[in-house]
Amino acid sequence: MVPGVRLVVLGKQGAGKGTQCVRLSHHYVVPHISTGDMLRAARKSGSELGIKVQEVMDRGELVSDDLVMEMVAERLAEPDARARGFILDGCPRTVHQAEVLAALLNPGHLDLAVNLHVPTGLVLKRLASRRVCVDCGATYSVTSPPKVNWTCDVCGGEVVQRADDTEEAIRRRLELYERQTAPLIDWYERRGQLAHVNGVGSPDAVFRRIVRAVEDRRQRGRVR
Ligand code: ADP
Ligand code: ZN
């Protein structure tokens with residue numbers, strides 16, 4: 001059996017994090033922990049947390065570090081993540097979140113932070129045409145829709161445009177990415193934990209690049 005992994009995936013909105021993280025989680029047999037998916041699930045369930053974060057999310061703003069890190073800490077404490085690791089998608093998103101995460105993971109630490117790089121012009125195009133399943137989160141686009149009538153191929157749910165994929169909210173999210181999340185690239189680089197991966201290309205090609213980056217890192221013996 002392949003060994004597990006502890007991976008953080010960084011990248012702009014629309015860089016393809018979600019798609020790659022699902023594949024990586026199957027490949028390494030570790031849970032895909034997406035803070036965006038967890039927050040959307042909370043909203044759907046109508047929980048107190050969900051109500052609290054709703055407006056912030058629709059504006060494209062960030063949910064507070066405390067709320068997010070509490071949620072992530074709980075998830076990382078579950079047996080599957082403790083035993084084999086995780087693919088962390090959408091978190092950390094601020095330097096403070098990265099510091100909290102590093103403290104949570106001690107002494108096991110992190111194998112690698114992957115920076116999935118895609119030029120802004122391309123992510124804008126991808127986001128504008130992105131459509132998602134309201135039930136399972138599978139992603140489609142105007143150019144590769146589900147087979148039948150905007151009904152999810154995976155679960156039959158309704159496939160729609162995300163409330164925060166409007167031009168206004170996209171601009172806000174990318175602005176916040178540059179200001180709050182891009183500094184994380186240096187943060188991980190200084191710690192010798194970063195790998196840059198080119199996110200332009202077919203999903204298969206990008207996946208192979210990420211796996212190669214992880215394997216390179218293991219071979220260089222910088223992992224546990
Ligand atoms: P995207 O990366 O396209 O913005 P996500 O699904 O990762 O999409 O996140 C959707 C929204 O959820 C974000 O705009 C933000 O409001 C909230 N969110 C997700 N992860 C975090 C996080 N780590 N810290 C703060 N807010 C978050
Ligand atoms: Zn679905």
Side-chain angles (χ1 to χ4, degrees), residues 8-22 32-44 49-76 86-101 104 113 115-116 118 120 122-141 145-184 187 199:
V8 160
V9 180
L10 301 171
K12 287 183 197 110
Q13 290 75 7
K17 291 191 299 283
T19 306
Q20 294 301 329
C21 288
V22 168
H32 169 205
I33 303 180
S34 157
T35 46
D37 286 352
M38 287 165 86
L39 290 167
R40 277 185 291 276
R43 290 179 56 161
K44 233 180 120 192
L49 171 70
I51 294 165
K52 218 188 283 182
V53 299
Q54 190 155 334
E55 254 185 78
V56 178
M57 286 177 76
D58 284 348
R59 281 202 306 272
E61 304 281 337
L62 293 186
V63 171
S64 83
D65 287 346
D66 289 351
L67 267 183
V68 170
M69 293 318 291
E70 195 186 312
M71 199 174 75
V72 168
E74 251 174 51
R75 184 63 189 86
L76 290 176
F86 51 82
I87 311 289
L88 207 44
D89 169 5
C91 179
R93 236 191 185 69
T94 63
V95 168
H96 182 239
Q97 290 183 13
E99 286 163 352
V100 174
L101 176 68
L104 277 175
N115 177 33
L116 201 56
V118 175
T120 302
L122 184 56
V123 303
L124 283 173
K125 256 191 236 154
R126 286 186 185 172
L127 290 172
S129 73
R130 171 159 84 179
R131 300 294 182 269
V132 298
C133 170
V134 293
D135 289 328
C136 76
T139 53
Y140 301 90
S141 76
K147 294 190 186 74
V148 185
N149 249 342
W150 297 103
T151 299
C152 179
D153 293 340
V154 182
C155 78
E158 193 190 356
V159 174
V160 301
Q161 184 162 36
R162 248 168 65 172
D164 61 352
D165 276 346
T166 59
E167 216 184 296
E168 179 76 22
I170 290 172
R171 204 174 322 117
R172 184 75 187 129
R173 280 150 64 211
L174 285 170
E175 207 178 283
L176 285 177
Y177 175 84
E178 289 305 332
R179 182 140 43 92
Q180 305 212 275
T181 311
L184 281 177
W187 195 91

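Just follow the structure's listing: the first ligand is 1, and inside any ligand the first atom is 1.
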Could you walk me through whether L101 and V8 pass side-chain contact (heavy atoms from CB on, under 4.5 Å), step by step?
CA-CA 10 Å; L101 176 68; V8 160; 3.9 Å; yes

Under 3.5 Å: donor-acceptor pair, side chain of Y140, backbone of D153:
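Answer holds: yes.
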
Donor-acceptor pair, distance only, cut-off 3.5 Å: does the side chain of S141 make one with the backbone of S129?
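Checking the backbone N and O of S129 against the side chain of S141, no donor-acceptor pair under 3.5 Å is found.
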
R162: what forms a side chain to side chain contact (heavy atoms under 4.5 Å, CB included) with it, not counting sequence neighbours?
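Only R40, R130, V132, D164, D165, R173 meet the side chain to side chain contact (heavy atoms under 4.5 Å, CB included) criterion with R162.
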
Salt bridge flag under 4.0 Å for residues R59 and E55
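Yes, charged N to carboxylate O under 4.0 Å.
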
According to salt bridge (charged side-chain N to carboxylate O under 4.0 Å, His left out), does anything in residues 88-101 pair up with another residue at least two apart or in another chain? List the pairs.
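Counting only pairs at least two positions apart or across chains, no salt bridge (charged side-chain N to carboxylate O under 4.0 Å, His left out) contact touches residues 88-101.
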
Please assess V68 against C91 for the test side-chain contact (heavy atoms from CB on, under 4.5 Å), listing each intermediate value before the final yes or no.
CA-CA 8 Å; V68 170; C91 179; 4.2 Å; yes

Report each N/O pair between ligand 1 and the protein that falls under 3.5 Å, naming both atoms.
from: ligand 1; atom 1: 2 (O); to: R93; atom 2: NH2; distance (Å): 2.9
from: ligand 1; atom 1: 3 (O); to: R162; atom 2: NH2; distance (Å): 3.3
from: ligand 1; atom 1: 3 (O); to: R173; atom 2: NH2; distance (Å): 2.6
from: ligand 1; atom 1: 4 (O); to: R93; atom 2: NH2; distance (Å): 3.0
from: ligand 1; atom 1: 4 (O); to: R173; atom 2: NE; distance (Å): 3.1
from: ligand 1; atom 1: 4 (O); to: R173; atom 2: NH2; distance (Å): 3.4
from: ligand 1; atom 1: 6 (O); to: R40; atom 2: NH1; distance (Å): 2.9
from: ligand 1; atom 1: 6 (O); to: R40; atom 2: NH2; distance (Å): 2.9
from: ligand 1; atom 1: 7 (O); to: R93; atom 2: NH2; distance (Å): 3.3
from: ligand 1; atom 1: 8 (O); to: R162; atom 2: NH2; distance (Å): 3.0
from: ligand 1; atom 1: 9 (O); to: R93; atom 2: NH2; distance (Å): 3.4
from: ligand 1; atom 1: 16 (O); to: E61; atom 2: O; distance (Å): 2.5
from: ligand 1; atom 1: 20 (N); to: T35; atom 2: OG1; distance (Å): 2.7
from: ligand 1; atom 1: 20 (N); to: G90; atom 2: O; distance (Å): 3.4
from: ligand 1; atom 1: 20 (N); to: R93; atom 2: NH1; distance (Å): 3.4
from: ligand 1; atom 1: 23 (N); to: G90; atom 2: O; distance (Å): 2.9
from: ligand 1; atom 1: 23 (N); to: Q97; atom 2: OE1; distance (Å): 3.0
from: ligand 1; atom 1: 24 (N); to: Q97; atom 2: NE2; distance (Å): 2.9
from: ligand 1; atom 1: 26 (N); to: V63; atom 2: N; distance (Å): 3.0

Any heavy-atom pair between the side chains of R131 and P145 that's under 4.5 Å?
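Contact flag for P145/R131 side chains = no.
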
Has E70 got more than 12 heavy atoms of other residues, nucleotides or ligands less than 6.0 Å from its CD?
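Counting other residues, nucleotides and ligands, CD of E70 stays at 12 neighbours or fewer.
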
Take the Zn ion (ligand 2) and tell me which protein N, O or S atoms are nearer than 2.8 Å.
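Correct list: C133 SG, C136 SG, C152 SG, C155 SG.
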
